[in-house]
2 protein chains.
Amino acid sequence: MPTAEPRFDGRRVRGDRTHHAILRRAVDIASVDGLEGLTIGRLAGGLGLSKSGLFAHFGSKEELQLSTAGAAAAIFADEVVAPVAARAEPGLARLVALLDGWCDYLRGDVFAGGCFFIAASAEVDGWPDGPVRDAVAGQMRRWERVLTEYAEDARRRGELAPDIDPAQLAFELDAFGMAMNRAWRLHRDATAFDRGRCAMRSRLERDATPAGRASLAVAA
Amino acid sequence: MPTAEPRFDGRRVRGDRTHHAILRRAVDIASVDGLEGLTIGRLAGGLGLSKSGLFAHFGSKEELQLSTAGAAAAIFADEVVAPVAARAEPGLARLVALLDGWCDYLRGDVFAGGCFFIAASAEVDGWPDGPVRDAVAGQMRRWERVLTEYAEDARRRGELAPDIDPAQLAFELDAFGMAMNRAWRLHRDATAFDRGRCAMRSRLERDATPAGRASLAVAA
DNA sequence: CCTACCGATCGGTAGG
DNA sequence: CCTACCGATCGGTAGG
């Protein structure tokens with residue numbers, strides 16, 4: 001019996017590093033060619049691994065797709081949500097910061113083929129029910145919920161009008177990000193970022209109270 | 001030398017019918033599994049044709065993809081744009097009618113997997129430049145231009161404020177349709193149609209002049 | 001992690 | 001439109 005737990009031996013550490021490298025590349029491939037276009041052979045070849053060697057990490061293509069979606073979610077959370085959530089203060093300024101970070105992320109080509117989630121949700125929305133479809137749909141729900149909660153916080157603080165529907169506001173802000181992504185990726189139209197940001201700002205202004213408008217002016 | 005032109009002999013007529021049937025099914029498959037997921041073997045099998053028999057209609061997969069995109073555009077034009085364009089009068093009511101028709105189309109499952117274009121543009125936006133990417137991007141541009149022109153007409157008629165940017169308005173209205181489609185297809189959330197329509201209406205109201213508001217009230 | 005292999009399917013061709 | 005075929009690649013397995 002070995003004295004060290006597998007978790008701490010050299011092989012496991014090396015294995016984790018390989019696993020991480022695989023998934024980072026898998027997310028990039030999937031962002032370009034989709035979760036179905038992410039093939040085991042291509043992923044392995046690009047990393048200098050054998051197909052079966054890579055396959056052993058996941059056991060099935062479905063598991064690879066699930067792990068890839070999970071890795072993308074972790075990157076998005078680190079890159080966009082966490083830096084803003086770390087700000088102590090809920091409110092309209094935090095919602096604006098989240099939207100700003102999101103726009104930067106959409107422009108910044110964090111993934112090789114643009115936003116993994118916008119691409120993946122368009123891809124899997126026609127798939128039959130199953131773990132991958134559920135995972136992607138759940139990740140989008142989580143994002144929509146963050147937007148809604150941040151809007152709800154701003155409303156509760158009196159920065160957005162008391163009679164607004166936070167979910168409706170979140171729906172519209174989310175829509176602007178999607179449209180921004182499409183114009184940028186499909187038409188390579190960089191003015192889309194101005195259009196998207198302008199749309200978000202004027203939409204927020206519409207629902208803002210005088211106190212909220214003050215917050216928006218500061219954030220600008 | 002045959003006496004009749006090929007265009008009028010029985011084979012050609014039968015061939016056209018087959019061609020049409022192939023493309024109608026191709027659009028459905030592509031709306032579910034994408035233009036890459038549209039395979040010649042599967043398309044042929046579903047129609048009771050041999051692979052090579054079907055292949056002879058197009059000559060390459062790329063040609064099949066281009067023809068499929070063209071067929072989808074023709075269906076969309078017939079179903080959504082033409083009925084509204086046939087109305088003589090440009091103006092805000094016509095823009096509202098176009099948006100209404102679009103929402104009905106998005107809900108109506110005209111294609112098996114939802115809007116072919118929203119799916120196709122998310123798919124090809126990561127492809128290298130080429131005829132298929134160009135064709136899909138061009139079709140989206142045409143739609144964006146129709147929205148923009150209708151908004152511009154309404155502005156010229158004094159129904160929308162003179163200082164608005166029709167392209168910005170079109171961008172936002174388009175965004176709401178995309179978000180509607182995603183919520184419906186990914187989350188199977190039928191309330192998305194209310195959200196989308198509500199977003200469109202209030203967005204139009206924001207830019208409308210008093211004359212425009214009267215048109216909106218009539219259209220409601 | 002590897003080599004070597006499986007049956008199925010891919011886009012495409014030859015020849016009729 | 002067909003049968004018969006090509007090389008490449010797919011997801012996955014056996015065995016180490």
Side-chain angles (χ1 to χ4, degrees), chain A residues 2 6-26 29-30 32-69 123-124 127-128 130-133, chain B residues 2 6-26 29-30 32-69 123-124 127-128 130-133:
Chain A
R7 192 163 270 281
F8 297 107
D9 80 6
R11 272 177 317 189
R12 180 53 179 263
V13 169
R14 220 179 311 120
D16 283 355
R17 247 198 303 267
T18 305
H19 207 79
H20 187 267
I22 292 171
L23 287 176
R24 178 62 243 206
R25 185 171 287 236
I29 293 176
V32 176
D33 290 318
L35 284 165
E36 207 53 52
L38 169 66
T39 71
I40 294 164
R42 192 176 148 203
L43 180 57
L47 291 159
L49 296 175
S50 70
K51 237 176 64 175
S52 66
L54 188 139
F55 189 84
H57 279 268
F58 304 98
S60 72
K61 174 152 187 185
E62 187 174 277
E63 277 302 324
L64 170 61
Q65 291 171 327
L66 285 170
S67 299
T68 301
E123 182 183 9
V124 306
W127 293 12
V132 180
R133 191 191 196 285
Chain B
R7 190 162 271 282
F8 296 109
D9 80 7
R11 274 177 314 188
R12 181 52 179 262
V13 170
R14 221 179 310 121
D16 282 355
R17 249 201 299 268
T18 305
H19 207 80
H20 187 266
I22 291 171
L23 288 175
R24 179 61 244 209
R25 185 171 289 236
I29 292 175
V32 176
D33 290 316
L35 285 164
E36 208 53 53
L38 170 66
T39 71
I40 295 164
R42 192 175 150 204
L43 180 56
L47 290 157
L49 296 175
S50 71
K51 237 175 65 174
S52 66
L54 188 141
F55 189 85
H57 280 268
F58 304 97
S60 72
K61 176 156 185 183
E62 186 174 278
E63 277 301 324
L64 169 62
Q65 291 172 328
L66 285 170
S67 299
T68 301
E123 183 182 10
V124 306
W127 292 12
V132 179
R133 191 191 195 284

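Worth knowing before you read on, the calculation uses all heavy atoms, side chains too, and leaves out hydrogens, waters and symmetry mates. Numbered from 1 within each chain, the chains take letters A, B, ... in sequence-line order.
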So, OP1 or OP2 of D:dC1: does either fall under 4.0 Å of a side-chain N or O from B:Thr18?
yes
Can you tell me how far [atom2] of [N] sits from [atom1] of [X], to the nearest Å?
| X | N | atom1 | atom2 | value |
| --- | --- | --- | --- | --- |
| B:Leu49 | D:dT3 | CG | P | 11 Å |
| A:Leu38 | D:dG11 | CG | P | 8 Å |
| A:Glu62 | D:dG12 | CD | C1' | 14 Å |
| B:Phe55 | C:dC10 | CZ | C1' | 12 Å |
| A:Leu64 | D:dC10 | CG | P | 12 Å |
| B:Asp33 | C:dT9 | CG | P | 15 Å |
| A:Glu63 | D:dG11 | CD | P | 15 Å |
| A:Leu47 | C:dC2 | CG | P | 11 Å |

Output yes when a side-chain donor or acceptor of B:Arg25 lies under 3.5 Å from a complementary backbone atom of B:Gly46, and no otherwise.
yes
Using atom types as modelled and distance alone, determine if a side-chain donor or acceptor of A:Glu123 lies under 3.5 Å from a backbone N or O of A:Leu35.
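Side chain of A:Glu123 to backbone of A:Leu35: a pair is present.
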Show the nearest heavy-atom pair for residues B:Arg133 and B:Trp127, with the distance to one decimal.
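Minimum heavy-atom contact is NE-O, 3.0 Å.
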Here the pair of heavy atoms bringing A:Leu43 nearest to A:Ile29 is CD1-CD1, 3.9 Å
So which nucleotide from [options] ends up closest to the side chain of [X]?
| X | options | result |
| --- | --- | --- |
| B:Ile40 | D:dC2, C:dG11, C:dC2 | C:dG11 |
| A:Ser52 | C:dC2, D:dG11, D:dC10 | C:dC2 |
| B:Lys61 | D:dT13, C:dG11, C:dC1 | C:dG11 |

Is there a side chain to side chain contact (heavy atoms under 4.5 Å, CB included) between A:Ile40 and A:Phe58 once you walk through the steps?
CA-CA 10 Å; A:Ile40 294 164; A:Phe58 304 98; over 6 Å; no
For A:His57 and A:Glu63: C-alpha separation, side-chain torsions, deciding distance, then whether side chain to side chain contact (heavy atoms under 4.5 Å, CB included) applies.
CA-CA 9 Å; A:His57 279 268; A:Glu63 277 302 324; over 6 Å; no
If you apply the rule side chain to side chain contact (heavy atoms under 4.5 Å, CB included), what do you find for A:Leu38 with A:Asp33, and how did you get there?
CA-CA 7 Å; A:Leu38 169 66; A:Asp33 290 318; over 6 Å; no
DNA chain C: A:Ser50 or B:Ser60, which has the more 5' nearest nucleotide?
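With A:Ser50 and B:Ser60 compared, the 5'-side residue is A:Ser50.
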DNA chain C: A:Lys51 or A:His57, which has the more 5' nearest nucleotide?
A:His57
Stem list, DNA chain D (Watson-Crick or G-U pairing under 3.5 Å, at least 3 consecutive pairs):
C:1-16 with D:1-16
Contact class for B:Leu54 (heavy atom, under 4.0 Å): base, sugar-phosphate, or nothing?
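If one applies the 4.0 Å heavy-atom cut-off, B:Leu54 turns out to touch nothing in the nucleic acid.
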